[in-house]
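Here is the structure we will look at, set down as structure tokens.
Only this structure's heavy atoms are used, side chains among them; waters, hydrogens and symmetry mates stay out. Whatever order the structure lists them in is the order used to number ligands and atoms, beginning at 1.
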Amino acid sequence: MSNRIATLNLDNDTVVELPVYEGTLGQDVIDIGNLGSHGVFTFDPGFTSTAACRSDITFIDGDKGILLHRGYPIQVLAEKSDHLETCYLLLEGELPNRDQKTAFENTITQHTMVNRSMEQFITGFHHDAHPMAMLCSLVGAMSSFYHDSLDITNQDHRTISAHRLIAKMPTIAAMCHKHFIGQPYIYPDNSLSYSENFLHMMFATPCEEYKIHPSISNAMDRIFLLHADHEQNASTSTVRLAGSSGANPYACVAAGIAALWGPAHGGANEAVLSMLDKIGDVSNIPEYIKKAKEKDDPFRLMGFGHRVYKNHDPRATVMRESCNEVLGVLGLENDPLFKLAKELERIALEDEYFVEKKLYPNVDFYSGIILKALGIPVEMFTVIFATGRTVGWIAHWNEMLRNPYRIGRPRQLYTGSDTRDFPPIEQRS
Ligand code: SDX
């Protein structure tokens with residue numbers, strides 16, 4: 001907090017004094033909470049300059065391309081940590097010691113199975129239902145199994161819900177995939193790590209042993225880690241808003257999944273692959289760069305640009321390195337898609353439109369290429385994003401409920417009709 005004041009001179013000679021708060025890092029904020037009592041609201045569609053909450057979880061400096069989780073740079077976590085350890089960090093605020101890490105891993109492992117009834121829900125979907133449609137529904141339905149722990153004012157209930165969601169998302173995700181390809185579900189194997197288990201449930205069959213390549217499971221783990229949290233993005237803000245009404249955690253995460261699905265957000269990784277397929281060849285890149293710059297053309301260079309990053313997204317840099325490693329391990333160094341993506345990045349970053357608007361590759365640009373190389377079908381890309389981001393959603397939900405909060409209820413600039421008389425139907429045009 002600070003005792004700094006911002007002064008607002010309204011046109012009716014009213015001078016409004018507004019408190020200014022300073023954070024640990026980043027922009028200061030002006031508390032406009034009482035502005036409504038002076039007869040005015042602020043107007044900020046898209047929340048480009050609006051802080052909706054206080055948070056200790058993640059910090060982004062978009063100009064410098066910095067991303068910290070509880071103070072640890074994402075590059076360091078990607079190199080030295082793993083997804084479950086990062087989950088602990090995001091939930092608890094500190095890295096676990098050895099005993100805490102082991103206990104947390106065991107807790108998550110013990111919750112990886114889902115109730116058999118979930119299989120009935122999935123059976124109801126058409127075989128080619130998009131996995132995100134299934135994921136949305138199944139996560140929302142999870143609350144129907146846990147009536148014993150839905151008291152959001154009870155920290156123990158919030159903790160077990162967080163653990164269940166982190167543990168069961170890979171299982172549910174893999175079940176959606178198996179339904180999509182018409183194969184039997186593979187149960188979790190408690191002898192495997194989080195990411196090994198996910199790959200096992202995705203690709204194993206009852207007919208033969210499935211061998212997991214360490215480089216592949218490490219790459220999968222890094223992808224989950226890089227997607228774990230990202231401050232107040234659209235889907236996390238959706239989870240917070242849903243949570244502010246007192247909705248249960250499964251309903252809140254289902255709302256976050258729905259928000260993530262859009263191609264402007266988490267759906268971009270799937271859209272990047274479709275875009276690269278459409279571009280097809282390096283020779284076509286200039287035509288698509290031109291389309292991306294045309295105002296009246298809805299085409300956007302998917303995987304480029306970001307509301308906050310006006311520099312390289314540090315996750316994209318790590319993802320590109322992982323891409324190189326995975327393709328090398330798989331003998332796909334000359335993967336045409338990867339070569340096309342790297343050439344598209346090179347050309348775009350030299351184009352003055354992209355330079356002037358500070359449009360850099362974001363987390364979604366390279367993730368799809370790795371996922372495709374790992375054998376993940378494109379329909380599952382956003383499901384993978386949601387699986388990694390589950391911890392971020394539930395960490396923010398927890399943080400909000402642990403502190404004083406009110407239901408989120410924005411106001412508006414009304415531009416509709418003034419009061420008018422009701423015309424009888426014969427007088428209507
Ligand atoms: C994620 O918020 C998060 O943290 C999200 C995320 C997370 O981890 O949760 O990081 C994950 O969602 C990453 C973003 C994935 N989406 C895409 O890759 C889709 C393509 N990108 C764009 O749709 C866009 O860049 C957004 C949605 C990401 C950002 O939108 P903004 O901040 O509202 O920016 P904008 O649309 O107002 O663009 C500013 C200008 C516009 O031109 P002008 O009107 O100023 O002339 O830049 C242009 C846009 O036309 N522009 C692009 C572009 N992105 C922005 N032009 C071409 N191609 C693009 N990709």
Ligand 1 polar-atom proximity to protein (N/O, under 3.5 Å):
unit_1	atom_1	unit_2	atom_2	d
ligand 1	4 (O)	His230	ND1	2.6
ligand 1	4 (O)	His306	NE2	3.2
ligand 1	8 (O)	His230	ND1	3.4
ligand 1	8 (O)	Arg315	NH1	2.6
ligand 1	8 (O)	Arg389	NH2	2.7
ligand 1	9 (O)	Arg389	NH1	2.8
ligand 1	9 (O)	Arg389	NH2	3.4
ligand 1	10 (O)	His230	ND1	3.4
ligand 1	10 (O)	His306	NE2	2.6
ligand 1	10 (O)	Arg315	NH2	2.8
ligand 1	12 (O)	His265	ND1	2.9
ligand 1	16 (N)	Ala264	O	2.9
ligand 1	18 (O)	Gly303	N	2.8
ligand 1	18 (O)	Asn362	ND2	3.0
ligand 1	21 (N)	Phe304	O	2.9
ligand 1	32 (O)	Arg307	NE	2.7
ligand 1	33 (O)	Arg307	NH2	2.9
ligand 1	45 (O)	Lys357	NZ	3.3
ligand 1	46 (O)	Lys295	NZ	3.1
ligand 1	46 (O)	Lys357	NZ	3.1
ligand 1	50 (O)	Arg300	NH2	3.1
ligand 1	58 (N)	Leu301	N	3.0
ligand 1	60 (N)	Leu301	O	2.8
ligand 1	60 (N)	Phe304	O	2.9

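Cation-pi geometry between Arg164 and Phe145 is not satisfied (NZ or CZ under 6.0 Å from the ring centre, within 45° of the ring normal).
Using a 4.0 Å cut-off between charged nitrogen and carboxylate oxygen, Lys342 and Glu345 do not count as a salt-bridge pair. The pair Glu294-Lys290 meets the salt-bridge criterion, since a charged nitrogen lies less than 4.0 angstrom from a carboxylate oxygen. Using a 4.0 Å cut-off between charged nitrogen and carboxylate oxygen, Asp82 and Arg222 do not count as a salt-bridge pair. Note on Lys291 versus Glu287: no salt bridge recorded, every NZ/NE/NH1/NH2 to OD/OE distance being 4.0 Å or above.
The salt bridge (Lys or Arg N to Asp or Glu O under 4.0 Å) with Glu85 is formed by just one residue from the set Lys101, Arg70, Lys80, Arg98; it is Lys101.
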